[in-house]
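Please read the structure below before turning to the comments.
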Amino acid sequence: MSRKRQDPVPVPNQKWVASVRDKLLAWYDENRRDLPWRKNKDPYRIWVSEIMLQQTRVDTVIPYYERFMDAFPTLKALAEAEEEQVIKAWEGLGYYSRARNLHTAVKEVAASYGGKVPSDPEAVSQLKGVGAYTAGAILSIAFDRRVPAVDGNVMRVFSRWFAMQDDVAKLSTRKKFEELALHVIPEGRAGDFNQALMELGALICTPTSPSCDTCPVREECRAREWGVQAELPVKKKAKPPVPLQVIFGWIRQGDKVLLQRRPNEGLLAGMWGLPTVEAGKGEVAPGEFLREELCRKGISIELGSVLGELEHVFSHRRWQVTLVEGKIKEQADGNLPEGWYWASEEEQEALAFPNVYRKAFAMVRERKNDSQGIQGRLF
DNA sequence: GACCCGTGGCC
DNA sequence: TGGCCAAGGGT
């Protein structure tokens, strides 16, 4: 069997490079969006924006970014903040380890670099949560250093410019594009050029139905020349999320609700939520799994009614949730296990919950409104 | 390389 | 409706 040889990295000729640089930068100067992190070149502001933008759309990020910068205007302010506040500011954005890593790294910069973001690639790359792309983005945008910042946009644009069929899901492909980028990024305007590549990918060279007719570099694009732009980039399909039956408990004592902090590793690590168990096998009511688990924790409950069902899809899990009401048997003023907590409504508002739990809260609230004047309040 | 880690919007 | 995607990083 012969092993399939990888296509070599194309080496663009100088004429093509000069043309693409000029046209793309001219287009960017005219068409760049006025985004909040483009007000200046403060490395801290650039950094925060890049972390938030990881796997997240610009429109989603903007309001979070504004609030975050109001709360933590400087690197020092973020370094001195409590983690709980930082996570609260991230609530609803997802990928919460981004916020924890950012906080860790910012504290590291405060402690080891006098509060100034380092401008050398080795130091920046070592910061927690800063990988090859983000390091390149910070270094090029904030410090105008000629470093590649290859994200999904850039891979799509390059795939089309050179009509390359490499699988963009592979790490090796990204490295190939980084090498390619080094041939194209100009001296002097490295940051603008990297942003122009991404801006082109976001506005013109879009994943589906790219606007080739208005593309500033349509003459330089092999995919367009060959009419294969819709076929590129090549990307291996992701596995579908695995379905999982999950039970949430809505367990009240007086005006307080039982909360559980999730384990420090895995899905929604360290986040607050309702008591959560996986449903096991067997022909019993879903709530039984919850009752038994709580019993093991020394919390004795009587099952109430099913308050509702909801589905929440993560990247790799599909939670099919049954929300079950529970009534505490004896006054449980004794010791709760580590990470468990009776929270009043006021206390709940200070905690950060991922959206799957916020959906459940909303469900309870609706149900409460519906039943008011009919059965009174839920127990 | 494979898998894990959230969420929302779009067609 | 659902599959796909978004300025990725860590393990």
Side-chain angles (χ1 to χ4, degrees), chain A residues 32-33 35-38 45-65 87 90-102 104-105 124-138 140-142 148-157 167-175 177-178 181 191 193-203 205-210 233 235-244 262-271 273 311-319 352-359:
Chain A
R32 62 181 301 190
R33 289 169 291 179
L35 301 171
W37 45 90
R38 288 181 175 163
R45 292 177 57 88
I46 307 290
W47 182 5
V48 172
S49 76
E50 291 301 341
I51 300 300
M52 283 192 173
L53 286 162
Q54 288 171 6
Q55 300 297 102
T56 312
R57 282 178 171 32
V58 166
D59 289 344
T60 303
V61 164
I62 289 174
Y64 279 92
Y65 183 79
I87 300 299
W90 211 270
E91 184 183 42
L93 242 196
Y95 285 145
Y96 299 96
S97 68
R98 291 184 296 174
R100 296 185 207 279
N101 288 340
L102 172 63
T104 300
V124 172
S125 301
Q126 279 180 354
L127 296 171
K128 204 112 184 230
V130 178
Y133 162 75
T134 305
I138 294 171
S140 64
I141 298 171
V150 175
D151 71 335
N153 286 309
V154 177
M155 290 199 283
R156 184 169 59 257
V157 169
D167 180 359
V168 297
K170 289 183 175 177
L171 183 65
S172 58
T173 302
R174 200 203 67 217
K175 289 181 181 296
F177 285 141
E178 284 170 349
F193 190 81
N194 279 341
Q195 290 185 87
L197 280 172
M198 295 187 271
E199 200 83 337
L200 187 76
L203 301 180
C205 197
T206 48
T208 58
S209 54
K235 189 175 188 179
K236 199 187 70 182
K237 278 184 190 158
K239 287 183 183 172
V242 178
L244 195 62
R262 295 185 54 78
N264 284 326
E265 294 184 352
L267 189 60
L268 305 174
M271 302 295 290
E311 186 171 80
H312 191 84
V313 183
F314 302 96
S315 305
H316 295 273
R317 289 284 181 280
R318 176 186 295 271
W319 275 11
F353 298 93
N355 279 8
V356 62
Y357 292 110
R358 298 172 63 80
K359 281 189 193 174

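Chain naming here is simple, since letters A, B, ... match the order of the sequence lines and numbering starts at 1 in each.
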Return the value, rounded to whole Å, for the distance between atom [atom1] of [X] and atom [atom2] of [N].
X	N	atom1	atom2	answer
A:E311	B:dG8	CD	P	14 Å
A:K236	C:dC4	NZ	P	13 Å
A:F193	C:dA7	CZ	C1'	16 Å
A:R57	C:dC4	CZ	C1'	9 Å
A:Y96	B:dT7	OH	C1'	8 Å
A:D167	B:dA2	CG	P	9 Å
A:N101	C:dG8	CG	C1'	12 Å
A:Q126	C:dG10	CD	P	12 Å

A:F314: partners by ring pair (Phe, Tyr, Trp, His ring centres under 6.0 Å), with sequence neighbours left out: A:H312, A:W319
Polar side-chain contact A:S97-C:dG10 base: donor and acceptor under 3.5 Å: no
Under 3.5 Å donor-acceptor pair, A:S315 side-chain atoms to B:dG6 base atoms: yes
First encountered from the 5' end of DNA chain B, between A:T208 and A:E265: A:E265
Given DNA chain B, 5'-ward residue of the pair A:K239 and A:T60, judged by closest heavy atom: A:K239
Over 12 foreign heavy atoms within 6.0 Å of CZ, A:R38: yes
A:K359 atom NZ, neighbour heavy-atom count above 12 within 6.0 Å: yes
Students often get this wrong, so: under 4.0 angstrom with heavy atoms, is [X] touching a base, only sugar-phosphate, or nothing?
X	answer
A:A132	sugar-phosphate
A:L268	sugar-phosphate
A:V313	base
A:S209	nothing
A:G92	sugar-phosphate
A:V58	base
A:R32	nothing

Identify which nucleotide among [options] has an atom closest to any side-chain atom of [X], counting heavy atoms from C-beta outward.
X	options	value
A:D151	C:dG8, B:dT7, B:dG1	C:dG8
A:E50	B:dG1, C:dA7, C:dG9	C:dA7
A:K235	B:dT7, C:dC5, C:dA7	C:dC5
A:L267	B:dG6, C:dG9, C:dA6	B:dG6
A:M198	C:dC5, C:dA7, B:dG6	C:dA7
A:Y95	C:dA6, B:dT7, B:dG6	B:dG6
A:F314	B:dT7, C:dG8, B:dG1	B:dT7

Any residue meeting side-chain hydrogen bond (donor to acceptor under 3.5 Å, both in side chains) with A:E178, in chain and number order, not counting sequence neighbours: A:R174
Test item: side-chain donor near acceptor, A:Y133 and A:Q54, under 3.5 Å: no
Pair A:Q55, A:R98: side-chain N/O donor-acceptor within cut-off below 3.5 Å: no
Pairwise P distance, B:dC4 and C:dA7 [rounded to whole Å]: 24 Å
B:dG8 versus C:dG9 - spacing of their P atoms, nearest Å: 22 Å
Give a yes/no answer on whether the side chain of [X] brings an N or O atom under 4.0 Å of OP1 or OP2 in [N].
X	N	answer
A:N355	B:dG6	no
A:H316	B:dC5	no
A:R156	C:dC5	no
A:H312	B:dG6	no
A:Q55	C:dA6	no
A:K128	C:dG10	no

Chi angles and distances behind the side chain to side chain contact (heavy atoms under 4.5 Å, CB included) call for A:R33, A:E199: CA-CA 8 Å; A:R33 289 169 291 179; A:E199 200 83 337; 3.0 Å; yes
Comparing A:L127 and A:W37 on DNA chain C - which has the more 5′ nearest nucleotide: A:W37
